[in-house]
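Below is one structure, written out as structure tokens; the observations come after it.
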Amino acid sequence: MTSLILNISKIVAQAFADEGLEAGFGQVKTSDRPDLAQFQCNGAMAAAKVAKLSPRAVAEKIVARLNTHDIFSKIEIAGPGFINLNLTDDALGEYVNNLACDPRLGVRDIGAGATVVLDYGGPNVAKAMHVGHLRASIIGDTLRRVLKFAGYDTIGDVHMGDWGTMMGMVISELELRHPEWIYFQEDFSGPYPDESPVTIEDLAEIYPTASGNSKSDPARMALSHRATVELQNKRPGYYALWQKMVEVSIASMKSNFAALNVYFDLWLGEASVHDVIAPMVEDLKAKHYAVMDDGALVVPLKRNEDTKEYPPLFLYKRDGAVMYSTTDLATIVDRVEKFHPAKILYIVDQRQNLHFEQVFRAAYLTGIVSPDVELTHVGHGTMNGPDGKPFKTRAGGVLRLEDLIALGLEKARQRLHEAGIDQHFSGDELDDIARKVSVAAIKFADLQNNRMTDYIFDLDRLTSFEGKTGPYLLYQVVRIKSLHEKADYQFDPSHRIIVDRSNRDLVLMMVEWPQVLEAATRDYAPHFLCDYVYKLAQMFSSYYAATHVLSQEDVATKISALALSHLVLKHIEMILDLLGIYAPQRM
RNA sequence: GGUCCCGUAGCUCAAUUGGAUAGAGCAUCUGCCUUCUAAGCAGAGGGUUGCAGGUUCAAGUCCUGCCGGGAUCGCCA
């Protein structure tokens, strides 16, 4: 079904067209002034310039034509030339009753099956995941769900950092500490043991040490670089050790992502494209895109019209190693060949913007992607501490993602205990509720921010359960479920929602949904969904407080209220699903 | 220094991309649990949108200049 906004827009657009004006002026939206009208069209003011008439004169002509339609209960001109519109309750009722049978709730198919690859999460094998990974993971996963809902064929790839200097740092550190390990014996020919010599806890300690030592000591850094090159050349001992580190690391990542309901279709990393690199580089050399520059092999990207510096893209560093610019470009080669995507989206920290601009420019310049493929860096801001710098714990370290999740879980349990409702639940159900509440709190608190801006990390806010929070939404869901249980209600398509003064605002809110979803899809902006679902839940809560459902004596009125609450329930749950948030049966 | 981003209520954030009276949550204050879950509802106070100009019917949003903060600028990711 098409959205109501679209249907009204068509009618108004036709009126403009009949006046010899561009139909595009007929775009209708929900009113910014609900006290004045339900819908508005601002096109008369824009059209006035073209028509060389006053805005009000244009509006009057349009209004005269709209008056022939009986779906409008009010048509007015206000201010400089706003056309304000109200619909009859019958027209609203017809739409909302159809909505109840549409799983997409009025959203058209935007994607038409085109493929979108989403690159998000980006955890590193060398180090444990911390709160800094939260944003990229959940924004990326949400966009994957949103684009899929919008009709795209989506592929989410975790794209682990597993082939760069960080790995060389860790391997060389291990070699310094344990030179006797068989992984470091040049004459050992295998097989290597099944069990990993390092745990994720080891890695959490080793990487910061190795990184710190390498940065402060050039000789130590040289060891890291050498180990990186040898790993990339697949020296057997290094490669076997690397495989073990990847294994333990993935196990840890999976538990973190699972805890947050973050899903990936592909578990690939930088190393996955190792075999793509050499042929790609040969091709770029043959076509003279790749040239030597101070001992390194690079692709120059400068253009004369540039207003800012464009450093060249590095393919091979002077020491012979490849770096993330190399693997990112090779990954595009790989994705284009395998998936023929219409878009590739990178949900990565905004600070890497220049890097992605370089990679994209190189990809277009060399013909690795055709100009009609969209490459977008969907950047996000950083999570800062109270000092405005990237967040660190009081001890100066990073807060592990699993620790954040544990903190939320503990607080949710405490909350259930304080409310004295934990005695009504079994241990398993209690765990499940606490988990759902804490995940809802953490994810919603993050996703409701505009992804581009930095924001201040606040543990209390991230694990807050009142006000504009995830748990508030779960609470509304649970209340509706409980209401239906008490009423022993099952929805049936024959149940009619009767629109009247008591529920009109709630119905009008649901009319907005399709344009919210489209905006979120267009701008890759999850916070539009958060804003909307919160307003919807809030409006339902208000309705719920004002209208006692179970005591309604008139059968049709009662059925209408139950059917409406069912529709709202489906609506909220659907959006929560897009955010990767799930509600318990009760809480 | 070059380039880019940001500055909105005491705090944390929105504002459908140029629309009407700039909105939420937290915090503060006032009401509401003997009918559906009070993790709730109803209401109040709180603003020269950093400053100064400009563009037009209309500017938090666009252009210019200041002030303040941040990011980034060749072999880390």
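Nothing here was measured: the structure is a model prediction, and the numbers come from that model.
One N or O donor and one acceptor, one from the side chain of A/Tyr324 and one from the base of B/rA77, sit under 3.5 Å apart. Within 3.5 Å, no donor on the side chain of A/Asn42 pairs with an acceptor on the base of B/rA20, nor the reverse. For A/Asn353 and B/rC4, a side-chain-to-base donor-acceptor distance below 3.5 Å is absent, hydrogens and geometry of angles not being considered.
At most 12 heavy atoms of other shown residues, nucleotides or ligands fall within 6.0 angstrom of atom NZ in A/Lys215.
With the nearest nucleotide of RNA chain B identified for both A/Pro311 and A/Asp531, A/Asp531 has the one nearer the 5' end. Looking at which nucleotide of RNA chain B each of A/Asn449 and A/Ser541 is closest to, the 5′-most match is held by A/Asn449.
Residue A/Lys535 places none of its side-chain N or O atoms closer than 4.0 Å to OP1 or OP2 of B/rA14. OP1 or OP2 of B/rA24 has not a single side-chain nitrogen or oxygen of A/Tyr472 nearer than 4.0 Å. Here A/Arg351 does not reach the OP1 or OP2 of B/rC4: none of its side-chain N or O atoms lies under 4.0 Å away.
Of the candidate nucleotides B/rA14, B/rU12, B/rG74, B/rU12 has the atom nearest to the side chain of A/Arg461. Of the candidate nucleotides B/rA39, B/rC13, B/rG19, B/rC13 has the atom lying nearest to any side-chain atom of A/Ile456. Checking B/rG25, B/rA20, B/rG70 against the side-chain heavy atoms of A/Gln538 singles out B/rG25 as nearest. Among the nucleotides B/rG74, B/rU21, B/rU16, the one closest to the side chain of A/Lys29 is B/rU16. When distances are taken from the side chain of A/Lys49 to each of B/rC57, B/rU37, B/rA15, the shortest belongs to B/rC57. Across B/rA15, B/rA39, B/rU16, the shortest atom-to-atom separation from the side chain of A/His527 is found for B/rA15. For A/Asp523, the listed nucleotide lying nearest its side chain is B/rU17; candidates were B/rG19, B/rU17, B/rU37. If you check B/rC76, B/rA77, B/rG19 against the side chain of A/Lys317, the one that comes closest is B/rC76.
You can call A/Phe82 stacked on the base of B/rA20; the centres are under 5.5 Å apart and the planes sit within 30°. Put simply, A/His548 rests on the base of B/rC36: the two rings are less than 5.5 Å apart at their centres and nearly parallel, under 30°.
Pairing partner, B/rA71: B/rU3, with both Watson-Crick or wobble hydrogen-bond distances short of 3.5 Å. When Watson-Crick and G-U wobble pairs are counted only if both distances are under 3.5 Å, B/rG45 pairs with no nucleotide at all. A 3.5 Å limit on both hydrogen-bonding distances identifies B/rC51 as the Watson-Crick or G-U partner of B/rG65. In this structure, B/rU56 forms no base pair with any nucleotide, since neither Watson-Crick nor G-U wobble geometry is met with both distances under 3.5 Å. Under the Watson-Crick or G-U wobble criterion, with both distances below 3.5 Å, B/rG40 is paired with B/rC32. Of the nucleotides present, none pairs with B/rA22 by Watson-Crick or G-U wobble criteria with both distances under 3.5 Å.
Taking the P atom of each, B/rG53 and B/rA15 are spaced 28 Å apart, rounded to whole Å.
Under the 30°/60° scheme for interplanar angles, the aromatic rings of A/Tyr489 and A/His566 are found to stand perpendicular. Ring orientation note: the planes of A/Tyr346 and A/Phe356 are tilted relative to one another, at an angle of 30° to 60°.
Distance CD1 (A/Ile480) to P (B/rA39): 16 Å, rounded to an integer number of Å.
Of the possible polar contacts, none joining the A/Glu22 side chain to the A/Ala47 backbone as a donor-acceptor pair under 3.5 Å is found.
Within 4.0 Å (heavy atoms only), A/Asp162 reaches no atom of the nucleic acid at all. Among the heavy atoms of the strands, none lies under 4.0 Å from A/Gly79.
Between A/Asp349 and A/Arg135 there is no salt bridge, since none of the side-chain N atoms of the basic residue sits less than 4.0 Å from a carboxylate O of the acidic one.
For the pair A/Arg415 and A/Phe465, the cation does not sit on the ring face, since its NZ or CZ is not both under 6.0 Å from the ring centre and inside 45° of the axis.
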